[in-house]
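Numbered from 1 within each chain, the chains take letters A, B, ... in sequence-line order.
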Number of protein chains: 4
Amino acid sequence: MKQNTKELLLEVALELFATKGYHATKVSDIVKQAGVAQGTFYWYFTSKEEIGLEIIEKGKKKLLKVVRKGYRKEVGNVSDMLQSSKRLMQNLLLFGDSNRNLMIFLLLKGQGGEEKIRNAVSETIISIETEFAKNIQRAIELNMLEDRDCVELQAQILTSFIIGIMSRWLFGPMNQVDFKPTTSINEVTEEIVRYEFFGLIGSGGKK
Amino acid sequence: MKQNTKELLLEVALELFATKGYHATKVSDIVKQAGVAQGTFYWYFTSKEEIGLEIIEKGKKKLLKVVRKGYRKEVGNVSDMLQSSKRLMQNLLLFGDSNRNLMIFLLLKGQGGEEKIRNAVSETIISIETEFAKNIQRAIELNMLEDRDCVELQAQILTSFIIGIMSRWLFGPMNQVDFKPTTSINEVTEEIVRYEFFGLIGSGGKK
Amino acid sequence: MKQNTKELLLEVALELFATKGYHATKVSDIVKQAGVAQGTFYWYFTSKEEIGLEIIEKGKKKLLKVVRKGYRKEVGNVSDMLQSSKRLMQNLLLFGDSNRNLMIFLLLKGQGGEEKIRNAVSETIISIETEFAKNIQRAIELNMLEDRDCVELQAQILTSFIIGIMSRWLFGPMNQVDFKPTTSINEVTEEIVRYEFFGLIGSGGKK
Amino acid sequence: MKQNTKELLLEVALELFATKGYHATKVSDIVKQAGVAQGTFYWYFTSKEEIGLEIIEKGKKKLLKVVRKGYRKEVGNVSDMLQSSKRLMQNLLLFGDSNRNLMIFLLLKGQGGEEKIRNAVSETIISIETEFAKNIQRAIELNMLEDRDCVELQAQILTSFIIGIMSRWLFGPMNQVDFKPTTSINEVTEEIVRYEFFGLIGSGGKK
DNA sequence: GATGAATGAGGATTCATTCAT
DNA sequence: AATGAATGAATCCTCATTCAT
């Protein structure tokens, strides 16, 4: 039943990077927790940096897959748009919930690494933003959103917003308190999408 | 006209922490750039951690002062609220613009440090959130916002939103491109506050 | 037609020892270049040291065989002596030419190994010197050389001379330049033997 | 009376490099024998390689100074030439005698290091050869030696000869036996220069 | 206040060797 | 015979911190 050693190392490393940060995680910590010898680490990875980059790369792929599922393909009305946005947000939160360490590393701790690590993290964020921009552009083309001629800007705000939310929600102080995953995710999503589309003032009647 | 050595060290350290991250910044880097001897550092600070904490503490105070200026005191209408929000956002962006290193350290790089550093950074963020919560609460009391019974949640979304925005705006990739500070800040603020209050769909006519 | 794995390993190891030096050659380099697995190495050799010693031992035997062919057996005149010396030198150079890696390892790189390796190399050199001493002694007994009562010293000078020559000739910088093996070896031998018997001033008329 | 720490490290390192070889010498060996902490080493040198290169560079300068003193300047007869050659050889042997470790490292152990170290050593040898070539050329111009149109070749033979001699003489097996420095050096020089100019057959009457 | 040499614990990485298959 | 994953001692180097001057 023993899982692949490489997978094990990747998993353990991610957990430690997310918990203690990249720098503060020693290779010796990783192998100790994985229950293998120090040298074994170097059979699979040439360096600590390499395992970091591989984690980011794999995470990026998984994350983008989730984001891309939200890609708008057909014409719809505002209500459709709300629905699909809600679904995307929910998927993201659920993904984050079951890939907590990955998200923490990507969104919060990635900047603690060395240059290459930081760059890889940044590229991941940019990829997501690019996807959001495509999404907005598509919504505009389908006349679901007004063309305010600042797609890039809107995508950046949206990305910032969602990343900010996720960071705080899943891993922030609030999280220390009680938090019933599924129900909460529903509620939270509702409120977020509400905010996303209608802002603080919002469309009175909702909810 | 030589500035106080301690101030110099604080400034240089902040710059390096923001550029390379806390861990990657060596005390020797700090003293080299400050042009003093290694030992001098330890005359002013007992450790690298101490200088980090002091930077965060001072930054927190300055930042809170800006946030508190936005505290709503009197009754007003929606337009007043938009105005004051815009002013707050503008102040925050301007503050970030002239305290770039501080903001980078607090918002992006702070999580790269050791536990104490990370905690100090987190506390700073929480303080800001608390201020925002007070702000929203006050707006509700003044009947400027509908009481949706989730002030905490709203404050968190708002904080996430604003922090996300600032991170991306001031220091993200977009920033590499041309960026004429003041004008841009105005535009950006406009769009942000729009989003803050009306969301993606927003109140049609604006802009 | 695959050659014996052990022979292959010996050959590859020698090549690498000669190229990069004993220490700098990793067992993993050897097996990689030989195209076998790491474990296979240890089926044939108990350690890296063992393969090194075996290479030296085999090389020593081959080398001594060459040197011994030059052993003087019968009375002769000065011209005979020159002829046989020339033949010996030529044989040595030819041997070195077709056993380049062995000679490089023995003469140049052998001192880079650990104690046992270094000792084995030294013993090889001493064996050669002993042969030369016997040769000189024999020439004296046959009245072909004057007995200057310092056979040991002469043998040492001679060995130093020949080893020095070989190191430089076969593997030194000159070698990087064009070098037509056989012709060159003839010329070189001529000059060397000339030097060996007549020194820098030499017997005027020669050549 | 404590000597400069850097000098001490250079000296100790050279001794160990000469004794155990470059690779086999650990930085921890060096600092242990020098009686300083591990970190102190890195205050003066950025790496083990650096100290190796610095040792070679300094040694090269000292060695070339000795060789250059033998540069022939004025016309003379054969006897003069013998005298000056003897002086040069004697100086070299004396230098080697009091810089034993340096010579061992340069002539015997240098090839055990990594590429850069090996190259630096090779360059040193080449420099010496170049000096010898100049010397021979000068002797030819002064009509002290016949122009046999192979100065390069002669210089190489001569260098090989002298290096070979020095290696074996000062540090070879013979040396393990009794060896009364000065007297011996005189004798040895006599025999070497004899050999250098007259070869094995030599000029009958000598000695 | 200031210097800069010295410290040494700690961390990443290497590599000869082992061993289950 | 052969494999290749696993081992862990050994080694180079880093860097926060100390201290004599």
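When all heavy atoms of Phe45(D) and Glu54(D) are compared, the closest pair comes out as CE2-OE1, 3.6 Å.
Panel note: side chain Gln33(A), backbone Asp29(A); no donor-acceptor pair is recorded below 3.5 Å. Arg118(B) places a side-chain N or O within 3.5 Å of a backbone atom of Lys20(A) that can act as its donor or acceptor partner. Looking at Asn119(D), its side chain never comes within 3.5 Å of a backbone N or O of Lys116(D) through a donor-acceptor pair. Panel note: side chain Thr40(A), backbone Val36(A); no donor-acceptor pair is recorded below 3.5 Å.
Distance, Glu7(A) CD to dA5(F) P: 15 Å, rounded to whole Å. Rounded to an integer number of Å, the gap from Lys20(C) NZ to dC15(E) P is 9 Å. Here dA5(F) presents its C1' atom at 16 Å from CZ of Phe41(A), a figure rounded to the nearest Å. The distance between atom CD of Glu50(D) and atom C1' of dC13(F), rounded to the nearest whole Å, is 13 Å. Atoms NZ (Lys32(C)) and P (dG4(F)) sit 13 Å apart, rounded to a whole Å. The distance between atom CD1 of Ile30(C) and atom C1' of dT17(E), rounded to the nearest whole Å, is 13 Å.
Stem regions for DNA chain E, each three or more consecutive Watson-Crick or G-U pairs with both distances under 3.5 Å and listed by first number, read E:2-21 with F:2-21.
A close approach under 4.0 Å does not occur between any side-chain nitrogen or oxygen of Trp43(B) and OP1 or OP2 of dA2(E). Contact between the side-chain N/O atoms of Thr5(C) and the OP1/OP2 oxygens of dA2(F) is found at a separation under 4.0 Å.
A cation-pi contact, defined as under 6.0 Å to the ring centre and within 45° of the axis, is absent between Lys48(D) and Tyr42(D). With Phe41(D) as the aromatic partner, Lys6(D) does not meet the cation-pi criteria of under 6.0 angstrom to the ring centre and within 45 degrees of the ring axis.
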Produce the list of close N/O pairs, under 3.5 Å, pairing protein atoms with atoms of nucleotides 14-16 of chain F; give distances to one decimal.
| unit_1 | atom_1 | unit_2 | atom_2 | d |
| --- | --- | --- | --- | --- |
| dC15(F) | OP2 | Lys26(B) | NZ | 2.9 |
| dA16(F) | OP1 | Lys48(B) | NZ | 3.2 |
| dA16(F) | OP2 | Val27(B) | N | 2.7 |

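Nearest-nucleotide mapping onto DNA chain E: of Glu49(C) and Glu49(A), the residue sitting toward the 5' end is Glu49(A). Nearest-nucleotide positions on DNA chain E place Gly35(B) closer to the 5' end than the other of Tyr44(D) and Gly35(B).
A salt bridge does not link Glu57(C) with Lys61(C): every distance from a Lys NZ or Arg NE/NH1/NH2 to an Asp or Glu carboxylate oxygen is 4.0 Å or more.
Within 6.0 Å of the CD atom in Glu115(D), the count of heavy atoms belonging to other residues, nucleotides or ligands does not exceed 12.
Of the listed nucleotides (dA6(F), dT7(E), dT3(E)), dT3(E) has the atom at the smallest distance from the side chain of Ala37(B).
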